[in-house]
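Note sheet for the following structure.
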Amino acid sequence: RCSSLGAGLNELALGADGRIFATRYGDGSGQRRSGHDGALVVISPEGRKLAEVRLHARDDAVTAAKSVAFDPVSGHVFVNADVIRNASDVQFASFELASDLSLVSARLGDPELLFAAFAPDGAGVRVVDDGGRLGLWLREPGREPVRLDLGPRPPQDFAQDVHFAPDGTAAIAFWSGRIELVRARAGGLEHARVDLERPSEC
């Protein structure tokens with residue numbers, strides 16, 4: 001815990017040289033009004049703030065940064081965010097920043113980046129909602145990225161976390177209690193689904 005970093009820190013990702021990337025959901029003041037956007041915060045291994053980059057997607061709304069992922073191959077950082085105008089008007093945005101934290105791209109709306117994660121060896125996963133359908137992008141070291149359609153997105157479901165196994169399998173956890181297991185193979189993907197609400201299937 002590092003109280004000097006301020007409030008509103010949300011999710012973490014390990015970067016190069018022991019740096020830690022954190023998202024700040026809003027500006028840390030607890031206010032949700034225009035001009036109070038969230039940020040990507042870079043923290044030293046000792047807990048000192050090295051940099052803070054405000055993320056802005058829409059002039060009449062608050063950009064609230066959620067998840068963050070660091071790609072060890074490119075050195076780029078990926079962030080997704082809620083873009084909140086009011087309680088009934090919430091959009092979604094995604095940002096890609098270069099290794100020097102300059103903005104590479106910003107996207108408001110579809111496809112919505114639900115979650116991204118990268119393993120130290122360069123394996124990577126991105127989960128998106130593209131028009132109500134879940135899509136998965138998987139990259140393994142030395143291979144071209146492979147894409148998989150996971151079907152319609154269930155209501156109120158969200159990709160929440162990704163873990164990589166030593167054999168290259170990526171396990172993507174969803175709020176609904178299911179886990180998607182994917183592994184790249186020559187010619188495509190191996191894919192399995194585990195529903196934790198049905199223990200007999202585990």
Side-chain angles (χ1 to χ4, degrees), residues 5-15 19-43 49-71 74-118 124-137 145 147 149-162 172-176 180:
L5 296 174
L9 295 182
N10 192 19
E11 295 196 20
L12 307 173
L14 290 176
R19 291 178 302 160
I20 301 164
F21 294 103
T23 53
R24 194 186 299 279
Y25 195 84
D27 69 350
S29 70
Q31 301 296 315
R32 285 189 184 176
R33 59 180 184 267
S34 183
H36 287 251
D37 289 323
L40 172 70
V41 183
V42 186
I43 306 167
K49 184 168 73 173
L50 303 175
E52 183 160 359
V53 180
R54 292 283 166 193
L55 301 172
H56 182 72
R58 182 174 163 181
D59 287 344
D60 58 349
V62 173
T63 300
K66 297 190 294 185
S67 301
V68 57
F70 171 74
D71 181 357
S74 66
H76 289 196
V77 181
F78 296 84
V79 178
N80 64 0
D82 292 331
V83 182
I84 306 166
R85 186 177 181 193
N86 55 56
S88 62
D89 186 353
V90 180
Q91 291 180 288
F92 307 97
S94 59
F95 301 85
E96 181 180 353
L97 293 92
S99 56
D100 64 358
L101 302 183
S102 62
L103 185 65
V104 174
S105 66
R107 177 187 294 272
L108 180 65
D110 285 345
E112 177 190 352
L113 176 63
L114 300 179
F115 202 85
F118 297 88
V125 166
R126 279 185 258 175
V127 184
V128 300
D129 178 334
D130 193 356
R133 294 191 69 83
L134 288 170
L136 185 145
W137 171 96
R147 290 167 176 80
D149 182 352
L150 296 176
R153 180 182 178 183
Q156 303 300 316
D157 202 7
F158 205 91
Q160 178 61 36
D161 204 359
V162 176
I172 302 104
F174 285 79
W175 283 357
S176 60
E180 302 282 353

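Scope of the values below: all heavy atoms of this structure, side chains included, with no hydrogens, waters or symmetry mates. Model, not experiment: these values are computed from the prediction. By convention here, the first residue in the shown sequence is residue 1.
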When you compare the side chain of [Y] with that of [X], does any pair of heavy atoms fall below 4.5 Å?
{"X": "Trp137", "Y": "Val128", "value": "no"}
{"X": "Leu114", "Y": "Ser67", "value": "no"}
{"X": "Val79", "Y": "Phe21", "value": "no"}
{"X": "Leu5", "Y": "Lys49", "value": "yes"}
{"X": "Glu180", "Y": "Phe174", "value": "yes"}

CZ (Arg107) with more than 12 external heavy atoms under 6.0 Å: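 Not buried by this count: 12 neighbours or fewer within 6.0 Å.
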Show the atom names and distances, to 0.1 Å, of all donor-acceptor pairs under 3.5 Å that link a side chain in residues 89-99 to residues at least two apart or in another chain.
unit_1: Gln91; atom_1: OE1; unit_2: Arg58; atom_2: NH1; d: 2.5
unit_1: Glu96; atom_1: OE2; unit_2: His76; atom_2: ND1; d: 2.7

Ser102 backbone acceptor or donor facing Asp100 side chain under 3.5 Å: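 Yes.
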Whether Thr63 side chain and Ala57 backbone form a donor-acceptor pair below 3.5 Å: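 A pair under 3.5 Å: yes.
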Ala13 to Ala69 - nearest heavy-atom pair and separation: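 Taking Ala13 first and Ala69 second, the nearest heavy atoms are CB-CA, 4.1 Å.
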Pairing residues for Ala51 by the side-chain contact (heavy atoms from CB on, under 4.5 Å) criterion, not counting sequence neighbours: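 side-chain contact (heavy atoms from CB on, under 4.5 Å) list for Ala51, sorted by chain: Val42, Leu101.
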Any pair counted as salt bridge (Lys or Arg N to Asp or Glu O under 4.0 Å), so long as it reaches residues 126-137, sequence neighbours left out: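 Applying salt bridge (Lys or Arg N to Asp or Glu O under 4.0 Å) to every pair that reaches into residues 126-137, excluding sequence neighbours, yields Asp129-Arg153, Arg133-Asp149.
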